[in-house]
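Read the structure below first, then the notes.
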2 protein chains.
Amino acid sequence: MARRLNLEDVGRRAGVSRSTVSRVVNGGHVSSETKRRVEAVIAETGYRPHAAARSLASNSTGVIGLVIPSAAGTLFDDPYFGRLILGISSATNEVDMTLALFLFGDGPDESSIISRVVTPGLVDGVIVTATTRGDPLIDHMGGTSMPFVVVGRPDSAGSTFCVDVDNRAGARAAALHLAGLGRTRPALITAPSNTSAGIDRRNGFLEGLAEAGLSVEDRIQEGDWSQESGRRAMARLLAEQPDSVFVSSDRMAVGALRAIGESGINCPRDISVVSFDGIVPPDLTTPRLTSVVQPVTEVGERAVRLLTSVISGASTTPEHVVFPTELAVRESCGSNAPAGPAA
Amino acid sequence: MARRLNLEDVGRRAGVSRSTVSRVVNGGHVSSETKRRVEAVIAETGYRPHAAARSLASNSTGVIGLVIPSAAGTLFDDPYFGRLILGISSATNEVDMTLALFLFGDGPDESSIISRVVTPGLVDGVIVTATTRGDPLIDHMGGTSMPFVVVGRPDSAGSTFCVDVDNRAGARAAALHLAGLGRTRPALITAPSNTSAGIDRRNGFLEGLAEAGLSVEDRIQEGDWSQESGRRAMARLLAEQPDSVFVSSDRMAVGALRAIGESGINCPRDISVVSFDGIVPPDLTTPRLTSVVQPVTEVGERAVRLLTSVISGASTTPEHVVFPTELAVRESCGSNAPAGPAA
DNA sequence: GCCTCCTATGGGAGCGCTCCCAACAATATG
DNA sequence: CATATTGTTGGGAGCGCTCCCATAGGAGGC
């Protein structure tokens, strides 16, 4: 097997120096005649610069890391992460960077992976997502010189770059919509209370309810993001005879809808359902889900752009990007309005 | 900002040379006294070796790439890829390597990503999956010196390393099971015919049917892996009044079950349903799905192990690993057997 | 016609590591 | 007591690139 070509080899073939080839590759100033000749040699030989050598010399790897802690089981069953990865991936492709994925299982390897993430010369920066309250990861990242942005709202939001959606306002809008339909016995299925999305959606919903003079009283159950947990939560809630329910994720709402169907109660006639995410294709459920739509893909893309700007040093003071949500009204809430915007 | 520490700095602090520190880090022979002293300095300074420098000098990056072409839309809605990534990720963590994800959108960036995948000094090897028949990617990879293994069955299986499940045998078993239940008007919902899984599952099913003296005649529809496509396919199929159906993926089977439910036909009484994958949690459907279970996570783990052995040079002659599947009998096939193994 | 300035190019230095060989000390062997 | 052997350590060379400065011409200004 022949030795890999390097800049010097290409230069020799084209009758120029290493430096000139480097300029052609990286877009420096080269006379057009020379450039043509070098490019011909590159095309002919299939030369590609060595990424590690480049990283070492330029002190930049062209790789960004995506860190998802506690990525066990259910995580990948929720289309949320798929969408997020898709958004992040398409943005990294666009800026010609490579995406490295750090998935933590639980278990002892966790700490070794954390330290791998901040290995110098591996990635230029990191996007951290799906952290829970009190997760030591973010503090740990903050203690290093590795640039990073958080997707979601970390505990100490002030000191980090983050991208999030307005969970609170979205949930509040759901409450107001339900109240506007004349529902008076609202129920709530929350997401885990150790996640910022879980907390914000719960608080936003309760806040909206309060504004409308309503309350969930004890019609509240916590789910774990899974469809099955939504079903179980709803089954328990039905004993309280709610006339409406806000489910903190699409996935759980699909389960809730099943529980409702199985109990013989009619949605939307007897109970209005509004969910959060807008990720599950509407036609997948009957009735079609009314939900607070969050722009997952955009969040991912934006996180990449923010990170690259942190890496380049263009952004230095912590910035908090918040995307608005949009209520897509469909049949499950029993609104007599025609099918909503995303119909 | 202080300059990053390097081996030399650590050595100076510990009163030894660069080489000795390197031996401590990489597990070479060092006297225990020296080792202790060096490790103390490392712990105290938080020194971590520079990945790019290491890659350059050792000609190995510790990164493996996962390439998923045509990764648009539906891809991530199917839990299959989540599971596969989970398996691959846990295996790379185990061998202390990093996972780089190459997702291709369609569009012009495709070719630039392909060439990025084979950039020297970026990854040590690549796992390629979700290719379609005639995909130029595999040929392209074969033309480079980049080690790679394919998940699935490529066109020219003979010349590459690959890991697959026995789609054909699994589908055949499904056919035989249906025939054994006394069903005589079987129908088939296939996966896309430009994928090896789609082809193998179709052929295996037809083969099993033939063995039992049965045929699908024109009770056959092609889906695109999505739940919605399964529903539409089933709706069309119902006009032919099949008494059983093999759906080539769980996801599509969920859709098929819905179409059946909506038509007022009773599953399993009037129609038996068997699917392929075993990925959707059984309790998610009513009746619970009988399916041919494929060990997705193991496939991912095995792909990593095979790849590392190709990278190290331990494996040189193309190898074709095939995992068996297992039929998990539940309620949707109407078998009067008690709930199956995975119940 | 001389000096300046700019453009195009070459080559040294160095990024931080691994690999290898040489050097040395301490011990074992004849 | 000389020599072989083992265990431990140091340092040179080199991985392939980028960055920067030096240099050589050619164009332009006076």
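Below, chains carry the letters A, B, ... as their sequence lines are ordered, and counting in each starts from 1.
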Query raised in the report: Under 3.5 Å, is there a donor-acceptor pair between the side chain of D124(A) and the main chain of S60(A)?
Result: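 Pair absent, no side-chain N/O of D124(A) close to backbone of S60(A).
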
In whole Å, I'd like the distance from the [atom1] atom of [X] to the [atom2] atom of [N].
{"X": "R37(B)", "N": "dT8(D)", "atom1": "CZ", "atom2": "P", "answer": "14 Å"}
{"X": "N59(A)", "N": "dT18(D)", "atom1": "CG", "atom2": "C1'", "answer": "11 Å"}
{"X": "L5(A)", "N": "dG16(D)", "atom1": "CG", "atom2": "P", "answer": "10 Å"}
{"X": "E33(B)", "N": "dG7(D)", "atom1": "CD", "atom2": "C1'", "answer": "16 Å"}
{"X": "R12(A)", "N": "dG11(C)", "atom1": "CZ", "atom2": "P", "answer": "12 Å"}
{"X": "H29(A)", "N": "dT23(D)", "atom1": "NE2", "atom2": "P", "answer": "23 Å"}
{"X": "R54(A)", "N": "dG16(C)", "atom1": "CZ", "atom2": "P", "answer": "19 Å"}
{"X": "R36(B)", "N": "dT9(D)", "atom1": "CZ", "atom2": "C1'", "answer": "17 Å"}

Which of these nucleotides, [options], is closest to any side-chain atom of [X]?
{"X": "L56(A)", "options": "dC17(C), dC15(C), dT8(D)", "value": "dC15(C)"}
{"X": "S31(A)", "options": "dT18(D), dG16(C), dT9(C)", "value": "dT9(C)"}
{"X": "H50(A)", "options": "dC17(C), dG16(D), dG10(C)", "value": "dG16(D)"}
{"X": "L7(B)", "options": "dC15(C), dG10(D), dC17(C)", "value": "dC17(C)"}
{"X": "S19(A)", "options": "dC17(C), dG10(D), dG12(C)", "value": "dG12(C)"}
{"X": "R4(B)", "options": "dG10(C), dC17(C), dA8(C)", "value": "dC17(C)"}
{"X": "N6(A)", "options": "dG11(C), dT18(C), dG16(D)", "value": "dG16(D)"}

To the nearest 0.5 Å, how far apart are [atom1] in [X] and [atom2] in [Y]?
{"X": "D164(B)", "Y": "R302(B)", "atom1": "CG", "atom2": "CZ", "result": "13.0 Å"}
{"X": "F102(A)", "Y": "I68(A)", "atom1": "CZ", "atom2": "CD1", "result": "11.5 Å"}
{"X": "E39(A)", "Y": "T34(A)", "atom1": "CD", "atom2": "OG1", "result": "11.0 Å"}

Report task. Inspect the contact between E33(A) and R37(A) and indicate whether a charged nitrogen and a carboxylate oxygen are less than 4.0 angstrom apart. Result ->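 Result for this pair is yes, salt bridge flagged.
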
Query raised in the report: What nucleic acid atoms does N26(B) come within less than 4.0 Å of, heavy atoms only: base, sugar-phosphate, or nothing?
Result: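 N26(B): backbone/sugar contact only, no base atoms under 4.0 Å.
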
Requested in this report: Give S55(B) one of three labels, base, sugar-phosphate or nothing, depending on what nucleic acid heavy atoms sit under 4.0 Å from its own.
Outcome: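 No contact.
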
**Report entry** Angle between terminal axes - the helix from dG1(C)-dC30(D) to dG30(C)-dC1(D), 5 pairs each end, rounded to 10°
**Finding:**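 Axis-to-axis angle, ends of the helix: 50°.
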
It should be established whether [X] places a side-chain nitrogen or oxygen under 4.0 Å from OP1 or OP2 of nucleotide [N].
{"X": "Y47(B)", "N": "dC17(C)", "result": "yes"}
{"X": "S58(A)", "N": "dT18(D)", "result": "no"}
{"X": "S22(B)", "N": "dC19(C)", "result": "no"}
{"X": "T20(B)", "N": "dG10(D)", "result": "yes"}

Report task. Measure across L56(B) and A52(A) and return the closest heavy-atom pair with its distance rounded to 0.1 Å. Result ->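 Heavy-atom minimum between the residues: N-CB, 3.9 Å.
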
Report task. Identify the two heavy atoms, one from V24(A) and one from K35(A), that lie closest to each other, and give their separation to 0.1 Å. Result ->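 So the two residues come closest at CG2-CA, 4.2 Å.
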
Report task. Could you please spell out the steps behind the side-chain hydrogen bond (donor to acceptor under 3.5 Å, both in side chains) verdict for N26(B) and R54(B)? Result -> CA-CA 11 Å; N26(B) 298 309; R54(B) 206 172 217 184; 2.8 Å; yes

Query raised in the report: Taking for each residue the nucleotide of DNA chain C with the nearest heavy atom, is it A53(B) or R23(A) whose nucleotide lies nearer the 5' end?
Result: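 The residue mapped nearer the 5' terminus is R23(A).
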
**Report entry** Base dT18(D) paired with R18(A) side chain (donor-acceptor, <3.5 Å)
**Finding:**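 Answer is yes: a donor-acceptor pair is held.
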
